[in-house]
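This report concerns only the one structure given below.
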Amino acid sequence: MIPEKFKNYTFNENDFLPEGYQSEDKEKEALVRKLAFMISDDITFRKEKDITNDDPDFWLLDRLLTKEEVRLMLSFKKKRVVKLTLEEIAERNQLSVDKVKDLVDHICRIGLIEFDRENEDHHRQYFIPKFVVGSGEYMMMNGALLAEHPEVATFFHYASSVPVGKVAHMVPPGGGGLGMHVIPVEKAIEHCSTAVSLEKISHWMKKYDKYALDVCSCRRQQTIRGEGDGNVEDYFCIALGDMAEYLVETHKDARYATYDEVMEVLRISEEKGFVHQITNLDGEDKIVGICNCNATTCNAIRTSQLFNTPNMSASAYRAHVEKDKCVACGKCVEVCPVGAAKLGQKLCKADGTTVKYPKAELPDAVKWGPHKWNKNFRDDAKINVYETGTAPCKTACPAHLAVQGYIRMAAEGRYLDALKLIKQDNPLPAVCGAVCNRRCEDRCTRGLIDQPVAIDEIKKFIAAQELREESRYIPHCYNDIGQQWGDEYKVAVIGAGPAGLSAAYYLRENGYPVTVFEKEKEPGGMLRYGIPSFRLERSVIDAEIDVIRAMGAEFKFGVEVGKDVTLDDLRAQGYKAFFVAIGMQTGRKAGVPGEELAESGVDFLRRANADHGKILSGKTVVIGGGNVAIDVARTALRAGASEVEMICLEGPDEMPAAKDEIAEARAEGVVIKNCWGPKEVLTRDGKITGIVLKQCVQVYDKNGRFAPVYDESETKTVECSHVLMSIGQAPVWGDLLKGSRVEIRPNGTAVADPVTLQTAEPDVFVGGDIFHGAKFAIDAIADGREGMVSIRRYVHPGQSLTLGRDLREFIELDRDDIRVESYDNSPRQAPGFKPGDAAHTYEDLRLPLTEEQVRAEANRCLKCGQTVVDTNRCIGCGLCTTRCEFDAIHLRRDIPENTRMFTAEEGKLKAILPYVAKRGVRILRNKNGK
């Protein structure tokens with residue numbers, strides 16, 4: 001139960017929030033209350049009598065310190081930092097120096113007393129730090145303390161939020177000596193002639209000659225509280241000067257580091273999207289640390305985002321987008337820690353006006369309070385698109401590829417860069433270049449003018465680099481600290497189809513050990529066994545799987561999980577999570593007499609892909625109207641059928657198969673009969689002789705659900721030698737789930753959370769067709785990436801599967817309300833074909849576009865989308881600039897006063913109180929309508 005006074009904050013049921021806490025010693029209770037008041041950096045003018053036993057700063061001190069230690073700490077001066085030697089402390093307490101040393105050493109190890117050497121002869125001097133930034137962090141770095149007192153995490157959460165929430169709206173630009181301060185990526189401000197040394201990490205690194213790396217307090221705190229986001233505690237933070245000595249010598253989870261080690265941590269942090277922040281409580285001449293902060297878990301970022309008060313942490317810079325250069329790839333949006341960058345549209349509205357985008361309200365001239373706060377700031381920071389929408393191509397793609405981005409790169413001849421960009425969202429672009437169903441093109445805005453941009457053909461050309469070993473892109477694989485995760489975090493992927501391969505790719509990219517178990521002899525799943533090679537050549541599949549092998553994924557073939565090895569066996573071998581992506585491996589039955597002699601289309605394709613010989617003879621009837629049925633029909637011609645007739649329920653315009661594939665089938669000689677369904681398969685002496693059809697008068701009901709209606713009196717018989725049923729697919733689970741809590745739907749697919757893909761068995765995640773039913777390769781690929789996101793959170797204790805998660809929800813702009821000012825009149829480019837008899841070869845005769853065609857086609861793009869930055873929300877970290885490959889987003893020094901740094905003591909008088917006065921005047925003027 002969360003007490004009422006904390007309900008506007010982000011406490012949860014895991015927090016230690018006692019009501020009616022009682023100290024066992026009344027004398028100590030009074031002393032602890034004095035100490036809590038003395039330490040509190042509370043500019044809300046809280047009085048000593050206001051501190052209750054239920055306040056975390058009271059009960060924590062009561063639980064951690066003895067009465068003697070409390071007395072010793074009270075001997076330091078009140079409400080002002082006083083630095084004392086051991087001898088001076090001994091004199092104040094009438095104790096021996098040896099006794100004082102023991103007490104002080106113990107309190108230092110806890111983290112409630114600090115020391116430095118800021119004096120003439122550099123001797124140690126001791127003082128009592130603030131709770132935050134200060135002893136809260138030091139206690140969280142003490143793993144031994146946390147093992148005994150996990151409630152320290154609740155205290156740190158409290159101390160970094162509740163007192164601050166009362167005054168956050170009063171904090172001036174720059175923070176006024178309160179908390180932490182964003183310092184930009186240095187490369188992002190190299191161009192700025194007005195940048196000052198205080199804004200550069202290099203300045204602070206050169207100022208000190210002693211460094212330590214320490215475990216991040218915020219990440220550790222949120223893990224204990226169950227609110228991690230998969231970016232787990234490690235040596236992310238950097239202590240400088242005397243702080244490095246303090247942390248190491250008082251046995252915190254810290255270690256000395258060299259300059260080069262620290263610079264490498266800073267480099268990797270930028271690569272992984274962490275915000276640089278420096279301490280901001282010692283004035284312009286001193287900092288004690290540089291943090292590399294994860295926005296979902298960082299307390300300092302929370303104080304600005306929960307309270308909607310960016311003054312508390314923002315740098316002097318704000319991001320600005322050059323509209324003409326931006327291609328709406330969305331990579332700056334993905335990395336933005338606070339949701340300031342979102343995707344919008346570049347095209348004008350139909351009336352010629354541009355879309356106006358909202359800006360966050362700031363407290364500078366408005367009364368502020370909990371009604372203005374945002375408890376959902378972590379999730380809102382992951383919203384990708386303004387409500388008015390963005391480019392339809394990115395929205396329509398299930399994996400939300402950066403379509404505009406790689407098209408622009410192709411136009412510029414930057415093919416390797418384009419491949420790298422694609423593989424951030426799709427590790428099998430060459431496969432998709434062959435078999436994608438092109439939903440991006442279906443929604444392409446260019447299609448409203450003439451024809452859609454040939455997006456898939458451009459991608460196919462780019463991905464051709466994957467087919468040549470010397471030009472492949474193999475990403476670096478490491479975790480958030482630049483290392484590999486050990487075997488205690490290994491993951492089993494079951495099924496080597498597109499979903500499983502995608503999961504393996506992204507898990508390895510993030511440094512996790514991965515083993516892919518496949519019951520067949522070769523990887524690829526339905527890509528290899530269910531798609532004919534004249535549409536997807538085996539060399540294409542092999543090339544992209546070779547990349548995943550090169551990344552370090554292990555493959556085990558001929559292993560059926562459930563039969564050769566069980567889930568429990570794998571758990572005993574140390575596997576911490578399972579991504580099950582076994583696909584839909586067989587065909588469904590129609591439920592008509594005689595069909596036991598018919599073969600499913602899926603089984604036929606598997607047989608034909610293994611043997612390109614003449615395995616059929618005579619006339620063949622294919623039942624079905626989807627893409628798989630088209631593949632079956634075209635393969636049947638190549639497999640020896642004298643003629644192929646395709647029977648489907650739908651009318652010509654309702655067929656689910658792609659229009660271009662229908663046209664190709666007809667061109668090869670497949671005859672398609674619409675509005676008929678199977679009634680009975682005719683047999684004699686164990687062989688098929690024909691099939692009776694009945695007329696279908698309606699396929700879907702008024703709600704759009706599949707519910708065919710037949711006219712049983714209208715029938716016809718077709719003589720044939722083979723019937724291939726291609727009316728849907730079904731899974732084959734075997735004993736994989738034996739003894740498992742995974743639930744199965746009536747259609748055989750697994751029940752799982754639609755966001756996390758987690759089943760009722762917590763360590764089992766599912767994706768691809770086995771989860772959502774038969775779809776397309778790109779849908780399975782998207783699932784694989786999401787499976788990685790969930791699994792990297794799941795395998796580490798204390799991580800939420802959903803908090804601060806990018807749901808990758810995109811909104812299409814209103815295609816009925818746009819004006820295209822100008823465009824290239826060139827027609828859509830069409831690929832050529834190799835010479836050959838299409839109906840009788842298993843070779844893919846389709847050629848890619850030429851380089852000249854690719855550049856011409858890329859220039860047909862209307863560049864619908866763009867990134868829009870809310871400068872009121874931007875904190876000036878510069879991470880967006882590290883992601884942009886088009887030089888389209890830059891930092892400007894819009895608010896120079898944000899760089900001013902004060903000590904905590906002088907900030908109240910020189911910064912906070914003057915700002916409060918000016919703000920009060922602005923609020924009054926607003927109230928009076930001035």
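Every heavy atom of this structure was used, including side-chain atoms; hydrogens, water molecules and symmetry mates were not.
In this structure, Lys614 places its NZ atom where more than 12 heavy-atom neighbours from other residues, nucleotides or ligands lie under 6.0 Å away. Counting heavy-atom neighbours within 6.0 Å of Glu654 CD, excluding the residue itself, gives a total above 12. When the shell of 6.0 Å around CG of Asn703 is examined, it contains more than 12 heavy atoms from other residues, nucleotides or ligands.
Of the possible donor and acceptor atoms, none in the side chain of Asp631 sits under 3.5 Å from a partner among the backbone N and O of Ile531. A donor-acceptor contact shorter than 3.5 Å is absent between the side chain of Tyr415 and the backbone of Ala463. Arg745 contributes a side-chain N or O that, together with a main-chain N or O of Ala750, makes up a donor-acceptor pair within less than 3.5 Å. Judged by distance alone, the side chain of Glu441 and the main-chain N or O of Asp456 form a donor-acceptor pair under 3.5 Å. The backbone N or O of Leu347 lies less than 3.5 Å from a partner atom in the side chain of Gln345, making a donor-acceptor pair.
With respect to the salt-bridge test (charged N to carboxylate O, under 4.0 angstrom), the residues Glu668 and Arg638 qualify. One finds a salt bridge joining Arg607 and Glu599 here, because a Lys/Arg side-chain nitrogen approaches an Asp/Glu carboxylate oxygen to under 4.0 Å. Using a 4.0 Å cut-off between charged nitrogen and carboxylate oxygen, Glu518 and Arg528 do not count as a salt-bridge pair. A salt bridge does not link Glu522 with Arg538: every distance from a Lys NZ or Arg NE/NH1/NH2 to an Asp or Glu carboxylate oxygen is 4.0 Å or more. Between Glu596 and Lys589, no side-chain nitrogen of the basic residue sits less than 4.0 Å from a carboxylate oxygen of the acidic one, so the salt-bridge criterion is not met. The pair Glu645-Lys673 meets the salt-bridge criterion, since a charged nitrogen lies less than 4.0 angstrom from a carboxylate oxygen. Under 4.0 Å is where a charged nitrogen must lie from a carboxylate oxygen, and between Asp779 and Arg439 at least one such pair does. Using a 4.0 Å cut-off between a side-chain N of Lys or Arg and a carboxylate O of Asp or Glu, Glu885 and Lys331 do not qualify as a salt bridge. Ion pairing between Asp542 and Arg549 fails under the 4.0 Å rule for side-chain N and carboxylate O.
A distance of 10.5 Å separates CG in Leu649 from CE in Met655, rounded to the nearest 0.5 Å. How far CZ of Arg855 is from CD of Glu852: 10.0 Å, rounded to the nearest 0.5 Å. To the nearest 0.5 angstrom, Thr635 atom OG1 is 5.0 Å from Leu605 atom CG. Between Lys420 atom NZ and Leu416 atom CG the span is 4.5 Å, to the nearest 0.5 Å. Rounded to the nearest 0.5 Å, atoms CE (Met409) and CG (Leu419) are 10.5 Å apart.
Within the 4.5 Å cutoff, no side-chain heavy atoms of Tyr406 are placed close to those of Val327. Val820 is not listed as a side-chain neighbour of Arg446, based on a closest heavy-atom distance of 4.5 Å or more. For the pair Glu457/Glu857, no side-chain contact is recorded, criterion being any heavy-atom separation below 4.5 Å from C-beta on.
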>> Between Gln585 and Lys519, does the side chain to side chain donor-acceptor pair (under 3.5 Å) criterion hold? Intermediate values first, please.
In response: CA-CA 11 Å; Gln585 304 162 46; Lys519 75 175 184 178; 2.9 Å; yes
>> Pair Glu520, Arg606 - check salt bridge (Lys or Arg N to Asp or Glu O under 4.0 Å), show working.
In response: CA-CA 11 Å; Glu520 302 291 350; Arg606 186 185 303 273; 3.1 Å; yes
> Can Glu661 and Arg535 be said to form a salt bridge (Lys or Arg N to Asp or Glu O under 4.0 Å), step by step?
Replying inline: CA-CA 10 Å; Glu661 293 194 34; Arg535 288 192 58 226; 3.1 Å; yes
> Which is it for Asp783 and Lys775 under the salt bridge (Lys or Arg N to Asp or Glu O under 4.0 Å) test, yes or no, and what are the steps along the way?
Replying inline: CA-CA 11 Å; Asp783 282 355; Lys775 287 189 178 181; over 6 Å; no
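Taking the six-membered ring where the residue is Trp, Phe534 and Tyr842 present tilted rings, their angle falling between 30° and 60°.
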